[in-house]
Amino acid sequence: MAEGTLLLTELFLLLVISLLVFQLLKLQWARRKLPPGPIPLPMIGNLWYLDFELEGKVLTKLAGVYGNIFTVWMGPTPVVVLNGYKTVSEGLILEEFCGRPLTPFYRDMMGDKGVFLTSGHTWKQQRRFAFTALRNLATTIQQRIQEEADYLVKVLTSKQGSAFEPKPDMIHAVANVICAAVFGHRFSDEDHSLDKMIKAIYLIIFVPSTSWGRLYDAFPRFMHRLPGRHQRVLEYNDFLHEVVRAEVQSHKAKWKEGNKPQDLIDFYLDHMEKTKDDPTSTFSEDNMVQIMVDLLIGGSENTASLLSGALLLMIKHPEVQEKVLEEVNAVLEPSQAVCYEDRKKLPYTTAVIHEILRFINIVGTGPFRLCLKDTTMLGRPIAKGTLILPNLASVMADPEHWESPFEFNPGHFLDAKGDFVPQKAFLAFGIGRRGCLGEHMAWVEFFVFFITLIRAFVIQLPEGEPDLNLNGIQQSPRQHPYKLRFVPRQSSSA
Ligand code: HEM
């Protein structure tokens with residue numbers, strides 16, 4: 001090699017090493033102001049160490065080393081993790097932690113709009129609107145849920161006890177409920193736009209928390225140009241927004257002042273009209289499209305995955321399934337539709353439903369929050385703009401609050417007399433002013449679908465299928481694609 005080239009290579013190496021050392025020192029300096037945690041590396045932070053994911057159990061292990069409040073670095077970004085019931089519940093109710101970060105991937109997909117990703121004034125107004133509109137539509141939504149549950153029973157009955165993977169039918173039913181609430185109509189089985197919307201929702205929820213998403217958040221400009229799985233998410237996200245935009249236009253064309261709102265888009269148009277002279281109003285067409293997208297995303301995948309996981313749990317615990325059926329049959333006439341009010345007469349079933357939510361813990365760690373003001377927590381200073389991750393998985397398995405955290409045990413929610421007892425460490429929907437917006441709807445939906453299916457079918461594994469292995473269902477119920485048989489109860493007892 002020529003002497004000049006050698007010198008250039010050496011200089012280049014020296015420059016790279018100096019930059020890395022400088023980055024390392026910068027990180028060490030920044031760490032002084034944050035809760036403790038594993039040592040981050042320049043550029044990748046702790047991504048490598050965390051296997052590019054923020055997984056509940058791994059974070060709980062780190063809490064064993066660094067305490068219930070600690071820092072991990074997602075690339076160049078520090079994330080303060082809260083662990084265990086006490087720390088998470090204290091953090092979630094703090095006014096300062098009531099923000100939601102707009103990470104680069106989500107910013108490029110959704111912008112600073114709607115309810116899920118906004119903070120401050122916009123979030124407050126949009127959230128209040130959505131909460132009130134969902135409450136006003138509660139009776140209609142329950143009817144829609146009952147209709148979709150009946151329709152699902154018909155679909156499953158038509159399979160005549162054969163073995164198949166039921167998740168797609170479950171998600172169709174659940175997605176049609178939120179579509180009916182948002183758009184005022186369901187999608188027929190022949191309409192493939194529902195399938196594409198479901199796919200979009202799946203990608204939008206999951207890809208950002210995979211290594212593709214983490215890399216996008218760490219290097220947005222670079223990743224935006226690079227091919228990869230994230231590009232597919234961006235395309236599907238555009239499709240979802242187009243569907244909603246088209247629905248908004250058709251609602252606008254039909255909307256007349258004084259009309260009684262029939263669905264969430266109607267309610268929004270009505271509200272936009274009423275607040276049009278208010279200079280502080282954030283009710284706009286852009287926010288309307290995004291809030292509808294937020295509700296479609298929040299209201300489909302979670303509940304459907306939970307329902308699929310619940311059926312697997314019932315197969316694994318047939319004695320629980322039989323006890324639920326016995327209790328339901330003693331309270332409801334065979335022809336009587338299930339409604340959410342019935343829970344008061346069904347303590348065992350209510351305990352089972354809570355335990356399913358706790359055990360499966362569909363949201364994993366839960367979404368990020370954002371620190372909105374410099375504050376301190378447990379004596380640790382936390383600066384405005386810091387990402388907060390309340391590890392909900394650690395709460396739902398906190399050994400100080402659950403007798404057998406890793407076992408499915410409806411007794412967690414029952415007293416000695418067999419009455420239902422709520423538990424404070426049950427935070428499936430988060431807590432505080434930023435807790436789940438669709439919590440009530442999710443309860444009604446899960447309650448009605450679950451009981452309707454248990455009443456209608458004996459749910460079994462097909463012969464020859466390996467025994468159910470539910471290890472890890474807490475982390476990823478979506479990765480349990482079992483084929484099941486739905487044998488109608490009447491024919492099974494005939
Ligand atoms: C089993 C079903 C569900 C579970 C376990 C669940 C859980 C959660 C959790 C843990 C959060 C974060 C709360 C926090 O930051 O403290 C959340 C937020 C949210 N959920 Fe749900 N959810 C479910 C169903 C639904 C449904 C049916 C909808 C829509 C109708 C919905 C809409 C939302 C929205 C819009 C937010 C963001 C609220 C905000 O940032 O103000 N969720 N959910």
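When a ligand or atom number is given, it counts from 1 through the structure's own listing order. The figures that follow rest on heavy atoms only: side chains count, while hydrogens, waters and symmetry mates do not.
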NZ or CZ of Arg100 within 45° of Phe116 ring axis and under 6.0 Å: yes
Check: His440 ring centroid to Tyr340 ring centroid under 6.0 Å: yes
Whether Phe183 and Phe187 hold their rings parallel, tilted or perpendicular, with breakpoints at 30° and 60°: perpendicular
Neighbouring residues of ligand 1, heavy-atom cut-off under 4.0 Å: Arg100, Val115, Phe116, Trp123, Arg127, Ile178, Leu295, Gly298, Gly299, Asn302, Thr303, Leu306, Ile362, Val363, Pro367, Arg369, Leu392, Ala428, Phe429, Gly430, Ile431, Arg434, Gly435, Cys436, Leu437, Gly438, Met441, Ala442
Euclidean distance, Ile178 CD1 relative to Leu134 CG, rounded to 0.5 Å: 6.5 Å
Close aromatic pair by centroid cut-off 6.0 Å: Phe426 and Phe413: yes
Value rounded to 0.5 Å, distance of CE in Met110 from OG1 in Thr103: 9.5 Å
